[in-house]
Enquirer: 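This is the structure I want to talk about, given as structure tokens.
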Amino acid sequence: MDAALTDLEPLFDELFPICRSITGPGIRSSFDILKRSLPLQVVEVPTGTKVFDWTVPPEWSLTRATLPDPDGEVILDTDDSNLHVLNFSIPFEGEVELDALQAHIHSIPEIDDAVPYVTSYYQRRWGFCMAHRQRLALKQGTYKVSIDTTIREGSLAYAKCDLPGETEDVVLITSYLCHPSLANNELSGPLGLVRLYERLKAMPKRRYTYRFLLIPETIGSITFLANEGKDLEDRIVGGIVLTCLGGSNTKVSFKASRQDWVGTPSRMDRLAREVALLDADTFAMRPFTPTGGSDERQFCSPGVNWPMMQAARTIYGEYEEYHTSRDTKALMTIEAVEKSADALFRFLQLHEVSDLFLQSTIEGGEPQLGKRDLYPTINGPMSNTMSNDATKDGRYLLELLLNMLSLADGSRTLVDIARKIEAPLLDLLPILQSLDEKGLLNLKETAAT
Amino acid sequence: MDAALTDLEPLFDELFPICRSITGPGIRSSFDILKRSLPLQVVEVPTGTKVFDWTVPPEWSLTRATLPDPDGEVILDTDDSNLHVLNFSIPFEGEVELDALQAHIHSIPEIDDAVPYVTSYYQRRWGFCMAHRQRLALKQGTYKVSIDTTIREGSLAYAKCDLPGETEDVVLITSYLCHPSLANNELSGPLGLVRLYERLKAMPKRRYTYRFLLIPETIGSITFLANEGKDLEDRIVGGIVLTCLGGSNTKVSFKASRQDWVGTPSRMDRLAREVALLDADTFAMRPFTPTGGSDERQFCSPGVNWPMMQAARTIYGEYEEYHTSRDTKALMTIEAVEKSADALFRFLQLHEVSDLFLQSTIEGGEPQLGKRDLYPTINGPMSNTMSNDATKDGRYLLELLLNMLSLADGSRTLVDIARKIEAPLLDLLPILQSLDEKGLLNLKETAAT
Amino acid sequence: MDAALTDLEPLFDELFPICRSITGPGIRSSFDILKRSLPLQVVEVPTGTKVFDWTVPPEWSLTRATLPDPDGEVILDTDDSNLHVLNFSIPFEGEVELDALQAHIHSIPEIDDAVPYVTSYYQRRWGFCMAHRQRLALKQGTYKVSIDTTIREGSLAYAKCDLPGETEDVVLITSYLCHPSLANNELSGPLGLVRLYERLKAMPKRRYTYRFLLIPETIGSITFLANEGKDLEDRIVGGIVLTCLGGSNTKVSFKASRQDWVGTPSRMDRLAREVALLDADTFAMRPFTPTGGSDERQFCSPGVNWPMMQAARTIYGEYEEYHTSRDTKALMTIEAVEKSADALFRFLQLHEVSDLFLQSTIEGGEPQLGKRDLYPTINGPMSNTMSNDATKDGRYLLELLLNMLSLADGSRTLVDIARKIEAPLLDLLPILQSLDEKGLLNLKETAAT
């Protein structure tokens, strides 16, 4: 383990038990823990603030909720698992017959040993969540419900920090922090964000400014957009919403931004499509959709239309434990989150250079590669005519080099060339560097006219 | 039967026996009958008038043609069927031996019980048409041919009427009236046109002015174009040539206009392509071709290039009775013609709105659909997260709604959105109306910049 | 044999034995022989001249090279085959033990009865080439190597001639002349060029000026480009590098130019793609690649980017005799070279007219084809309604005619129309001529606006 990197395992263990919601003390104490790794600035937006079509909700906090059975035995207790209370449940104390209670209980018949995670943010209700197996065994009788929660004026909190770069252009990396004790669909994002922050921080130089943002899902991104979206809209060149970075899938998949969907893909969309094709062992691609997903739905609403992708390893629909008590560290694995963050770091490294235009420095005909040790000096049939290097790799790399030189007329970027010759971007990068070093190639920010 | 609608069955029975040709009394008496349903204005263009590369032909009329066999028995008589005379045959009285007669007889070996419909408009000939079976039984000997027709100076007649709309933009609906007693490939068009006229007339308002035109095929459209094409060319936004609207096929198929063929499809072409894809139970699409077809060949000649499609149910090549005495009401069915006209009416309703640009009224993030009863207020795993409506239809319609909102950035029409998400236009229309009513969407005639 | 055409067989026999290289007397004596058929002008560029990234090499000449075995028996002698010496070998006289000699011997284990053709132009070496079977039988002992070559200051020679046309626009036809006794991959190109020159010379008029160029491969095209490329770059409208025109393949295949590869195909590229699709018995197409090939690599380097294709019948990779002593007249066949040149001549005839815009002369509706004997005057079911010609060909050609007329709106060339209707260009050409003669079509150099 690199000493400069936060150990994610104890960080997970500290964050997991906290009862978070879209507002309230859970998210603030989570920020406090994360501040040990990230220089977070926490922003508070008062309850009732109008944010576009929405209104900032009050703060919700849980003290404890218990459900004793008719015999007085406590069968549900949020001290055991904060999933047992409907998230954002109103407080309630009272005696309820089983039949009436049923309307306040949430369970999943299909996965009868798991407690579901259920929310009701904008409609005032009280309720419990339990395993369906347990629900079926509930006794007839009177239940003394005790839900000790508060809903009161306060503020919505979100947190951010920057890694400055050579330009004011911003790459936005976000994740959400609003679910109680869930692993893949909660903590994998912030943990991956910590790792990505530390990888990017270690780069000798950065072309872009990286902004990191942790928000409650949906209302948090809408509040952020209303609060400071205008400041960012002209500076953002790309971004990724991190979600569900753990699990057993072998690839990190990108969900394209809406810009891609409507036929004007951002550069980051194009790069994601390329690596999904050309480095398909590591990356995959999903189309944008406004139905389902995370905060990219808000960042990609038609009035905002930011170039925000979403990245995930094992997403909703790919694992049945989603939004249940079975979404734990065992399912997610810290290692999978680390692998995801490292793949995304490599992707962002490519993004830093992927739009430079390649310009050959030779005016007429090919360069004489032989005198630069880039071409065989003897030529005959059946010999390895492509390279002094007798290995297949040598020939392969020389073919990439000849193709790159032929296409380097100042009108094409590395991505254009990779797409044209269907070669892995990660293979092309060292060739680009070699030709640059030997003076055969210039890299330019604007295309030749 | 809607009282405001003409009963097509007796109309058919009255029109069927008339001996029409491209000129002469047959077409005029047909117009007289149709005037009871349509406010037709009849235009007469004198014989000899130069119409582009063509010349308006003289008028042809048939009194009677008979062919007695060598024994004096009349074996062909146009009083039995006007198909028995070559259409536009010159008059002829004389005695002809069987061998010489054969050159003037037309029959179809492949369908030996049917009398073919044959014309010779621009080359002067006389001739008879008969069943091939009958022809094979002709006796050797002398035939006393009697063809009492006249060909004389006069005029070519066509007829038109308008349904005014809010704009001067014109949708042109045409059909032809020039064949004698044929059903699908003659009367189905004018009958369908009557029904379409009456459906459009009943609309509370019309955006477009609808012009209806009945002409003799080919020379009629060329004459119309020469006579008043210039007046219309800047106003026409789309149009349909009606032909062969009956028969057993289950779909109404559109033949694209030449504009579609050459890569600049009209809006009506695009709409037709969409419904052929998305409402494929009702509609189909055929490519434009300048070989074969009806008056769209003239309207779509390169010097004219109007956005004229052709619509048909069961066309040439799809039924062997085409251009024979077997093309009757039994084959065509009045019901099929009515179904065709109703489908085309729905198509034209879509055409009235299909180019409006959809603009979401929410500036940032998604609208809060929950507070408008368009989204579930409780959220958990395995639940129907897409709609309060637990049915599959509810989820399906909410997905359409979310997609429509996401794409409603002022740069897309209903057709653009339908194409993008591959949804039936007829499903999208009520969603559009609902979002419009709830103030979430504006409809604009020009795209957002 | 047309008396105006050079008999290629004796020409081949005279050229074959000469020991050519990229410089030296071999190429000059070859030019002298070819001057009997072509009015060649020979250009000399001095050794040491800087040509872009390269330098004109010295002249190389071979007197004789022999290799006696340890017993004194001469086992290799360039008087038997000039392939036995490494092309551009430095002179060397001396005694060498077998082990040391091995590093200077080139052979092909996979084709052990063939002498390979091997070069070392830019790295000074001496060496022999022999059959691998012979190499394996070499005796241990001392070899008295004698390589009598010279490498000295001089000049690089290339040759050119023109066939003037109506315009200054140039079509460039090149081939290379730098290999010793090889047939398909050396003489097929110059021989085909002679035949093509004579065919084009016999045309009554030529729109383009045809420039013919014979050069040593790679360094010759780079030298030509440095020497006179600027004069030509604004005039060149297309060109073909001739190589490997013999062999057993049934088609002449074009390698597209780099312009095609980067998405801006030249007109000649487009024409080649069309004939490869539509006349696929005669022509085929290969994509451009900067790895492998002939002088098109230089003409198509990114700083030059000329519209130069390459044409071949049986190329490298399609015959194992390539670059060996088995590439002889028997393999190549003179007849195959002649067939290639004739196919290329037909291609260039199409190229002379393929960009004219077709404009129908009829303003409205279709022309009345019947009165011009282009359409049947009688019309009935099952009859041949497309043409007075009852044959299938007649109908087929009338369909082509109707399509051509419909598309002849002044915005399309013959190639555009052929692509649109997927018809052979060679079938469309006579129809174009017929419509032109009957005044129904104009041919224009600029598109209608």
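Chain A is the first sequence line, chain B the second, and so forth, proteins listed ahead of strands; every chain is numbered from 1. From a predicted model like this one, the values you see are computed outputs, not experimental measurements.
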Enquirer: As an exercise: rank Ala408(C), Ser360(C), Gly364(C), Pro367(C) by heavy-atom pairs under 4.5 Å with chain B and give me the winner.
Expert: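 Most pairs with chain B among the choices: Gly364(C).
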Enquirer: If you count heavy-atom pairs under 4.5 Å with chain C, which of Leu86(B), Thr119(B), Thr289(B) comes out on top?
Expert: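 Going by pairs under 4.5 Å, I would pick Thr119(B).
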Enquirer: Is Glu363(C) atom CD crowded by more than 12 heavy atoms from other residues, nucleotides or ligands, each under 6.0 Å away?
Expert: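 No - once you tally the heavy atoms of other residues, nucleotides and ligands closer than 6.0 Å, there are 12 at most.
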Enquirer: How many angstroms lie between atom CD of Glu366(C) and atom CH2 of Trp54(B), to the nearest 0.5 angstrom?
Expert: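 That separation rounds to 7.0 Å.
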Enquirer: Of all of Val262(B), Ile222(B), Leu225(B), which one pairs up most often with chain C through heavy atoms under 4.5 Å apart?
Expert: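 Max contact count across the listed options: Val262(B).
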Enquirer: Could you walk me through whether Ile421(C) and Trp261(B) satisfy the side chain to side chain contact (heavy atoms under 4.5 Å, CB included) test, starting with their C-alpha distance in whole Å, then the side-chain angles of each, then the deciding distance to 0.1 Å, before giving a yes or no?
Expert: CA-CA 10 Å; Ile421(C) 64 175; Trp261(B) 193 45; 4.0 Å; yes
Enquirer: Around atom NZ of Lys50(B), are there more than 12 heavy atoms of other residues, nucleotides or ligands at under 6.0 Å?
Expert: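 Counting neighbours around NZ of Lys50(B), more than 12 heavy atoms of other residues, nucleotides or ligands fall under 6.0 Å, so yes.
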Enquirer: With a 4.5 angstrom heavy-atom cut-off, is it the side chain or the backbone of Arg297(B) that approaches chain C, or both, or neither?
Expert: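 Both backbone and side chain.
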Enquirer: In terms of heavy-atom pairs under 4.5 Å, which option from Asp416(C), Leu401(C), Thr361(C), Leu407(C) contacts chain B the most?
Expert: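 Answer, by heavy-atom pair count under 4.5 Å with chain B: Leu407(C).
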Enquirer: Can Lys371(C) and Asp53(B) be said to form a side chain to side chain contact (heavy atoms under 4.5 Å, CB included), step by step?
Expert: CA-CA 10 Å; Lys371(C) 69 186 181 188; Asp53(B) 195 45; 3.8 Å; yes
Enquirer: Working to the nearest 0.5 Å, report the span between CD of Gln368(C) and OG1 of Thr218(B).
Expert: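 Separation between the atoms: 10.5 Å.
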Enquirer: Output the distance between atom CZ (Arg395(C)) and atom OG1 (Thr291(B)), rounded to the nearest 0.5 Å.
Expert: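 Here the rounded value is 12.0 Å.
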Enquirer: Chain C heavy atoms under 4.5 Å from Phe288(B): which part of the residue, side chain, backbone, both or neither?
Expert: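 Side chain of Phe288(B) only, per the 4.5 Å heavy-atom cut-off to chain C.
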